[in-house]
Number of protein chains: 2
Amino acid sequence: MNSSSISNYINTLFPQFEPALREKLIEQVTIKDFKAGEHLMQTGQYFRSTVLIVEGRVKLYREGTDGNEFFMYYLQPGEACALSMICAAKQESSKIMGKAIEDSTILMVPITLMDDLMKQYPSWYYFVMETYRSRFEELLLVIDSIAFNGLDQRLSFYLQKQQEQLQTNELQLTHQEIASDLNSSREVISRLLKKMEQKGEIKLYRNFIELKK
Amino acid sequence: MNSSSISNYINTLFPQFEPALREKLIEQVTIKDFKAGEHLMQTGQYFRSTVLIVEGRVKLYREGTDGNEFFMYYLQPGEACALSMICAAKQESSKIMGKAIEDSTILMVPITLMDDLMKQYPSWYYFVMETYRSRFEELLLVIDSIAFNGLDQRLSFYLQKQQEQLQTNELQLTHQEIASDLNSSREVISRLLKKMEQKGEIKLYRNFIELKK
DNA sequence: AAAACCTTGTGACAAAAGTCACCCTAAGTC
DNA sequence: GACTTAGGGTGACTTTTGTCACAAGGTTTT
C-alpha cells in the first residue's frame, strides 16, 4: 500500500503543491494509520514531524490539569496540525490532544525537512501560513464563544460546527459526549437541548439529534 | 528623529537579525507614535503592514459583538503582532483591538516585503515562526483559564500576568479595569479581591493592589 | 468650601450552571 | 424472559456569577 497510496493522497489532496514539492514529499513522508478512538498526540509529547491529515477526521482538544478535555476544532483531510508545525520547528512539546473519531491516516513530514521546504517551495510556504492563519482564527472563535457567550449559545455554536464538519443534519452524539466536549455536565446539556427542542430548533432522539434548518 | 531612531531601535531590539536584514528594514519601515490610551488597531481594520513594537506597551483585546472587550495578552518592545503578520499576508481584516497603555512606538513593515524577507533572511523567518508559536501558546493559556477555571483563579492568573509584564508588585489597576479586562463586573471582582486579601495573598489600596510573595 | 466625580464596600436578590438523587426506557446479553 | 447497561429526563438544592441599590471616603473641579 505504501508509496503508491502516499502519492495518491498527495496528488489528490494537495494539488496546489508544485510537482517538485509533491515528489519530494512522496519520497520523504511516512504514513500512519489510526483506528477510530485512538489518540494521535498526547499532551506533553514531542513532535518529530509535521502532521498532515489525509484520511478520516481528527478532533483536537486542550487538556486541563485535572484531566478535563476541552474540544477546540476538527482537522480533516488536506489540513495540517498547526501545533505540530510550530512545536516541530522549535522542538517543543505538545500541549494538546488529538483523537481520531473515524479511522484516520496521517502523513508525517520530518521536521528536518521543514526549513528547506519553506525556502524552496512557495506553495509550501503559503500552505503553512494559511494553516497558521486559519487555526489562529479558529482559536479566536473558541475564545469568543467561551468569553462572551453563555452555555446555551456555546451549545448552538458547537452543534453548528458539528453540522458543518460532518455535513449532516443528524448528529450522532450523546448528551454526555457534548457535555465533556464543552466541559460541562450531562444534566445541564440535556436541559438546554430540551429548551432548543421546545423552540423547534432541533429534535431529540436516542443517540442522535436532528437539526432543523 | 526619523531614520536615526529607526536604526537605533532595530539595532538594539533585534540584534539577532543579520546586518543585511537590519539595513533593509531601516530603509523600508515607517515609524509611528501612539499616546497612552490610543487604539493601534480596530476590529475590522485591514492591515497593510506587519507591526513591530519598539517602545511602550500594548494590550491586545478580543472584541465581542456587543462591544465587550476581552483582554488576551501584552505586546512589548521587540515583539511583533502575530495577527498583523497573518492578516497582512492574506489581506484579511483584523478581529482584535490593540490599545497602547503607555506612550508607544511601532515600526510598520510593508506587507509587500514579507515574502522576500521570509525567503532571504533566515533570522526573519525564525522570528516570524517564534512569534506565531509564542502567540499560539499564549492563546491556549487564555483558553485554559476561561475553559477550566472559575473567576477566582482567572483573577489570580490575571494579576500574575500583570506582575510579570509590568515587573512590579504594586499594580495600578482599578477594580473596574480588571472587571472589564476579564469581562466580568466590578462588584464581583471587588469581592474576590477582598477574599484574596483575607487570605493574605494581596493588599488592597485605593487605585493599586500590592501583591504579596 | 461646595459640588461633582471616582473608587470601593456591601447587602439583597436573580440568573446560570453544577451536583445529587432517582426514575424511566431502549437495547443488548445471558 | 430476566438482567444489565447506556442514554436520557427531572426535581431539589448549592455554588458561582451577575445585577441593583445605596453608602462611605477620597479627589478634582469650580
Side-chain angles (χ1 to χ4, degrees), chain A residues 36-37 64-71 101 143-159 162 170-211, chain B residues 36-37 64-71 143-159 162 170-199 201-211:
Chain A
T65 45
D66 46 351
N68 292 354
E69 297 171 0
F70 179 81
F71 169 68
I101 57 160
I143 288 179
D144 284 355
S145 83
I146 42 183
F148 299 123
N149 299 329
L151 198 51
D152 49 351
Q153 293 176 69
R154 286 174 55 201
L155 178 56
S156 291
F157 179 69
Y158 173 86
L159 293 176
Q162 305 295 314
E170 306 202 340
L171 304 176
Q172 292 189 29
L173 291 165
T174 67
H175 299 184
Q176 183 58 61
E177 281 181 85
I178 299 173
S180 50
D181 277 0
L182 294 176
N183 204 47
S184 174
S185 69
R186 202 260 314 160
E187 297 93 316
V188 175
I189 298 299
S190 284
R191 276 194 274 263
L192 292 175
L193 286 172
K194 260 278 162 281
K195 273 189 202 160
M196 291 179 72
E197 186 175 39
Q198 281 159 12
K199 286 194 227 152
E201 297 168 7
I202 58 174
K203 192 137 174 44
L204 299 174
Y205 300 90
R206 190 186 175 80
N207 281 316
F208 75 98
I209 298 171
E210 182 189 343
L211 304 183
Chain B
T65 44
D66 45 351
N68 293 354
E69 296 172 1
F70 178 80
F71 169 66
I143 288 179
D144 283 353
S145 83
I146 42 181
F148 299 124
N149 298 329
L151 199 50
D152 48 351
Q153 294 176 69
R154 284 173 57 200
L155 178 56
S156 292
F157 178 70
Y158 173 86
L159 294 177
Q162 305 295 315
E170 305 202 341
L171 304 175
Q172 293 188 28
L173 291 165
T174 67
H175 300 183
Q176 183 57 63
E177 281 181 85
I178 300 173
S180 50
D181 278 0
L182 294 176
N183 206 46
S184 174
S185 70
R186 203 261 315 158
E187 297 92 318
V188 175
I189 298 299
S190 285
R191 276 194 274 265
L192 291 177
L193 286 172
K194 260 276 161 282
K195 273 189 204 162
M196 291 179 73
E197 187 176 39
Q198 282 159 10
K199 285 194 227 155
E201 298 167 6
I202 59 175
K203 191 137 173 45
L204 299 175
Y205 300 90
R206 190 186 174 79
N207 280 317
F208 75 97
I209 298 171
E210 182 190 343
L211 303 184

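So you know, we letter chains A, B, ... as the sequences are listed, proteins then strands, and number each from 1.
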Close N or O pairs between protein and nucleotides 17-21 of chain D (under 3.5 Å):
residue	atom	partner	partner atom	Å
dT17(D)	OP1	L151(B)	N	2.6
dG18(D)	OP2	S184(B)	OG	2.6
dT19(D)	O4	R191(B)	NH2	2.7
dC20(D)	N4	E187(B)	OE2	3.2

Test side chain to side chain contact (heavy atoms under 4.5 Å, CB included) applied to F70(A) and I143(B), step by step: CA-CA 9 Å; F70(A) 179 81; I143(B) 288 179; 4.0 Å; yes
Pairwise side-chain contact, E197(B) with K194(B), heavy-atom cut-off 4.5 Å (strictly under): yes
Side-chain touch N149(B)/F157(B), heavy atoms, less than 4.5 angstrom: no
Distance, rounded to the nearest Å, where Q198(A) contributes CD and dT10(D) contributes P: 8 Å
Euclidean distance, atom CG of residue L204(A) to atom P of dA6(D) [Å, nearest integer]: 21 Å
Residue-phosphate contact under 4.0 Å: H175(A) side-chain N/O, dG9(D) OP1/OP2: yes
Length of the line joining E177(A):CD and dA6(D):C1', which is rounded to integer Å: 12 Å
Quick test: give all pairs of protein nitrogen or oxygen and nucleotides 24-29 of chain C nitrogen or oxygen below 3.5 Å, distance rounded to 0.1 Å.
none

Test side chain to side chain contact (heavy atoms under 4.5 Å, CB included) applied to L193(B) and L159(B), step by step: CA-CA 10 Å; L193(B) 286 172; L159(B) 294 177; 4.1 Å; yes
Whole-Å gap separating P (dT7(C)) and CG (L193(B)): 15 Å
D152(B)/K195(B) under side chain to side chain contact (heavy atoms under 4.5 Å, CB included): CA gap, chis, key distance, verdict: CA-CA 9 Å; D152(B) 48 351; K195(B) 273 189 204 162; over 6 Å; no
Neighbour count above 12 (heavy atom, 6.0 Å) for E201(B) CD: yes
Touch class at under 4.0 angstrom, heavy-atom based, for F208(B) against every strand present: nothing
Position toward the 5' end of DNA chain D (nearest nucleotide), K194(A) or K195(B): K194(A)
Rounded interatomic separation in angstrom, taking CD from Q172(A) and P from dG7(D): 13 Å
Non-hydrogen side-chain atoms of L173(B) and Q162(B) separated by less than 4.5 Å: yes
Pair N183(B)-I146(B), side chain to side chain contact (heavy atoms under 4.5 Å, CB included): steps then yes or no: CA-CA 11 Å; N183(B) 206 46; I146(B) 42 181; over 6 Å; no
Interatomic distance where CG belongs to L173(A) and C1' belongs to dA6(D) [whole Å]: 15 Å
Nearest-Å distance for atom pair CD1/C1', residues I189(A) and dA6(D): 18 Å
Shortest non-hydrogen contact between E170(B) and F208(B), atoms and distance: OE1-CE1, 3.8 Å
